[in-house]
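The block underneath contains the structure these notes are about, expressed in structure tokens.
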There are 2 protein chains.
Amino acid sequence: MVKADKSNISTKRSICPVASTLDILGDKWSLLVIRDLFAGKTTYSELQKSPEKIPTNILANRLVRLTDHEIVEKKPYQTHPVRYEYILTPKGRELGPILKSMVSWGEKHIPGTKAMSKKKR
Amino acid sequence: MVKADKSNISTKRSICPVASTLDILGDKWSLLVIRDLFAGKTTYSELQKSPEKIPTNILANRLVRLTDHEIVEKKPYQTHPVRYEYILTPKGRELGPILKSMVSWGEKHIPGTKAMSKKKR
DNA sequence: CCCACTGACTTGTTAATTGCAAGTAAGTGA
DNA sequence: TCACTTACTTGCAATTAACAAGTCAGTGGG
């Protein structure tokens with residue numbers, strides 16, 4: 001079990017929505033996990049296989065953080081053996097515009113970047 | 001002078017525009033500084049006065065990072081004494097949509113947040 | 001001239017996070 | 001029984017961030 005993490009509890013630096021959003025998602029990995037879930041990945045091992053090679057303990061930590069914030073939901077999709085799937089909640093799916101604007105900005109301003117073809121659904 | 005920082009040089013984790021954007025802006029403070037510049041603040045001391053109370057060494061570090069990435073430009077606006085202003089470059093101003101989508105998401109999903117009235121210009 | 005004060009940072013130190021390598025535990029398939 | 005997969009944990013070393021204090025140029029007042 002991943003140990004208690006202050007960042008799990010709601011500690012807002014200010015009432016600013018940008019600051020509060022960054023309190024939840026302001027790190028190098030969280031939005032990448034969300035990007036992958038948008039891209040259709042659902043399991044822990046699929047998430048680990050992304051090209052950015054997220055360290056496994058960080059992935060575990062981010063998944064609990066995101067589920068604490070109800071951005072992601074973890075549910076078993078089979079028993080024997082138990083296997084879990086991670087899916088975006090409606091709240092999580094509404095992060096789409098943030099991701100989309102990052103894709104636009106990145107493609108336009110960072111040479112060598114290329115967005116993947118959009119997944120339907 | 002702030003010492004050399006690996007994060008200043010371009011180290012892309014992947015060709016994904018989201019990952020690359022996060023390589024530059026994926027932390028708790030960078031986008032907050034940019035928010036303030038959008039809000040019309042221009043000097044180091046004004047940036048320090050924001051309600052989130054950014055540590056002074058971090059502010060200095062983020063400003064060099066952002067100027068290295070040509071998101072922010074630093075220029076003296078007076079001599080005797082020398083005083084600097086930090087302004088967004090066109091590239092930096094194009095981060096507006098990212099900030100805007102964070103405001104929307106934050107206001108909708110994080111209770112107790114409230115965006116400031118939009119500054120003209 | 002001396003002193004207090006401001007703006008813009010820098011330095012030192014401690015605390016918190018990351019990143020990496022390895023290890024664990026349940027279950028399957030050969 | 002053995003090797004293999006999924007889904008994590010654990011233990012450290014290495015980075016980063018946070019906090020407090022200090023620096024340095026310049027200004028304005030007495």
Side-chain angles (χ1 to χ4, degrees), chain A residues 1-9 11 13-14 19 22-33 36-37 41-67 72-87, chain B residues 1-9 11 13-14 19 22-33 36-37 41-67 72-87:
Chain A
M1 244 264 260
V2 172
K3 61 199 60 162
D5 181 343
K6 287 191 311 267
S7 56
N8 288 350
I9 63 175
T11 316
R13 283 177 291 180
S14 73
L22 291 171
D23 284 337
I24 300 172
L25 304 168
D27 71 271
K28 271 201 306 299
W29 297 108
S30 299
L31 281 166
L32 239 43
V33 171
D36 286 346
L37 295 173
K41 304 191 178 181
T42 54
T43 64
Y44 193 92
S45 55
E46 282 179 319
L47 291 168
Q48 265 192 297
K49 293 192 188 83
S50 289
E52 291 85 9
K53 287 277 176 282
I54 182 168
T56 180
N57 56 340
I58 305 250
L59 175 55
N61 175 277
R62 291 308 182 271
L63 286 171
V64 323
R65 264 162 69 155
L66 292 172
T67 57
V72 165
E73 193 186 346
K74 171 185 186 172
K75 48 200 262 194
Y77 63 92
Q78 70 168 47
T79 39
H80 284 74
V82 208
R83 290 293 179 252
Y84 301 99
E85 67 174 346
Y86 292 94
I87 52 173
Chain B
M1 247 264 261
V2 171
K3 60 198 63 160
D5 180 344
K6 287 191 310 268
S7 56
N8 289 348
I9 63 176
T11 318
R13 281 177 292 180
S14 74
L22 290 172
D23 284 336
I24 300 172
L25 303 167
D27 71 89
K28 270 199 309 298
W29 295 108
S30 299
L31 282 166
L32 239 42
V33 171
D36 285 347
L37 294 173
K41 305 192 178 181
T42 55
T43 64
Y44 193 93
S45 55
E46 281 179 320
L47 292 169
Q48 264 192 299
K49 294 193 187 84
S50 289
E52 292 84 10
K53 287 278 174 282
I54 182 168
T56 180
N57 55 340
I58 305 247
L59 175 56
N61 176 277
R62 291 309 182 270
L63 286 171
V64 322
R65 265 162 69 155
L66 292 172
T67 57
V72 165
E73 194 187 344
K74 171 186 185 173
K75 48 200 262 193
Y77 64 92
Q78 70 168 48
T79 38
H80 286 76
V82 206
R83 290 293 179 252
Y84 301 99
E85 67 174 346
Y86 293 94
I87 52 175

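Within every chain, numbering begins at 1; the chains are lettered A, B, ... in the order of the sequence lines, protein sequences first and strands thereafter.
Ranking C/dT18, C/dT10, D/dA17 by closeness to the B/Ala60 side chain, first place goes to C/dT10. Of the candidates D/dT5, D/dA18, C/dG27, the closest approach to any side-chain atom of B/Pro55 belongs to D/dA18. Residue B/Ile58 places its side chain closer to D/dA17 than to any other of C/dC9, D/dT27, D/dA17. Looking at the side chain of A/Asn57, the nearest of the listed nucleotides C/dG27, D/dT27, C/dC20 is C/dC20. For B/Trp29, taking side-chain heavy atoms from C-beta onward, the closest of the listed nucleotides D/dT10, D/dA18, D/dA7 is D/dA18. Comparing C/dT11, C/dC9, D/dC8 by their nearest atom to the side chain of A/Tyr84 picks out D/dC8.
Phosphate contact (OP1/OP2 of D/dT6, side-chain N/O of A/Tyr77, threshold under 4.0 Å): absent. Look at B/Arg62 and you won't find any side-chain N or O under 4.0 angstrom from OP1 or OP2 of C/dC9.
Checking B/Ser50 against B/Lys41 by side-chain atom types alone, a donor-acceptor pair falls below 3.5 Å. Remark: the A/Thr43 side chain and the A/Glu85 side chain contain no N/O donor-acceptor pair separated by less than 3.5 Å.
When rounded to the nearest whole Å, the span between NE2 of A/His80 and P of C/dA25 equals 18 Å. Separating the CG atom of B/Asp27 from the P atom of C/dT18 is a distance of 11 Å, rounded to the nearest angstrom. One interatomic measurement links the two molecules: CZ of B/Arg65 to P of D/dA17, which rounds to 6 Å at whole-angstrom precision. Atom C1' of nucleotide C/dA8 and atom NZ of B/Lys41 are separated by 16 Å, given to the nearest angstrom. Counting to the nearest Å, the P atom of C/dT17 and the CD1 atom of A/Ile54 are 16 Å from each other. Across the protein-nucleic acid pair, B/Glu46 atom CD and C/dA8 atom P stand 9 Å apart, rounded to whole Å. Put simply, OH on B/Tyr44 is 16 Å from C1' on D/dA25, counting in whole angstrom units. Following rounding to the nearest Å, B/Glu85 (CD) and C/dC9 (P) show an atom-to-atom distance of 13 Å.
Backbone-only engagement by A/Lys74 is indicated by non-hydrogen atom pairs under 4.0 Å involving sugar-phosphate atoms exclusively.
Each of B/Leu32, B/Thr42, B/Leu63, B/Thr56 was evaluated against B/Leu47; a single residue qualifies, B/Leu63, per the side chain to side chain contact (heavy atoms under 4.5 Å, CB included) test.
Mapped onto DNA chain C by nearest heavy atom, B/Lys49 and A/Thr56 fall at different nucleotides, with B/Lys49 at the one closer to the 5' end. Residue-to-nucleotide proximity on DNA chain C shows that, of A/Lys28 and B/Ser45, the 5′-proximal contact is made by B/Ser45.
Shown here are the salt bridge (charged side-chain N to carboxylate O under 4.0 Å, His left out) partners of B/Asp36, two or more places apart in sequence or in another chain: there are none.
For the pair B/Lys74 and B/Tyr84, the distance from NZ or CZ to the six-membered ring centre is under 6.0 Å and the angle to the ring normal is within 45 degrees.
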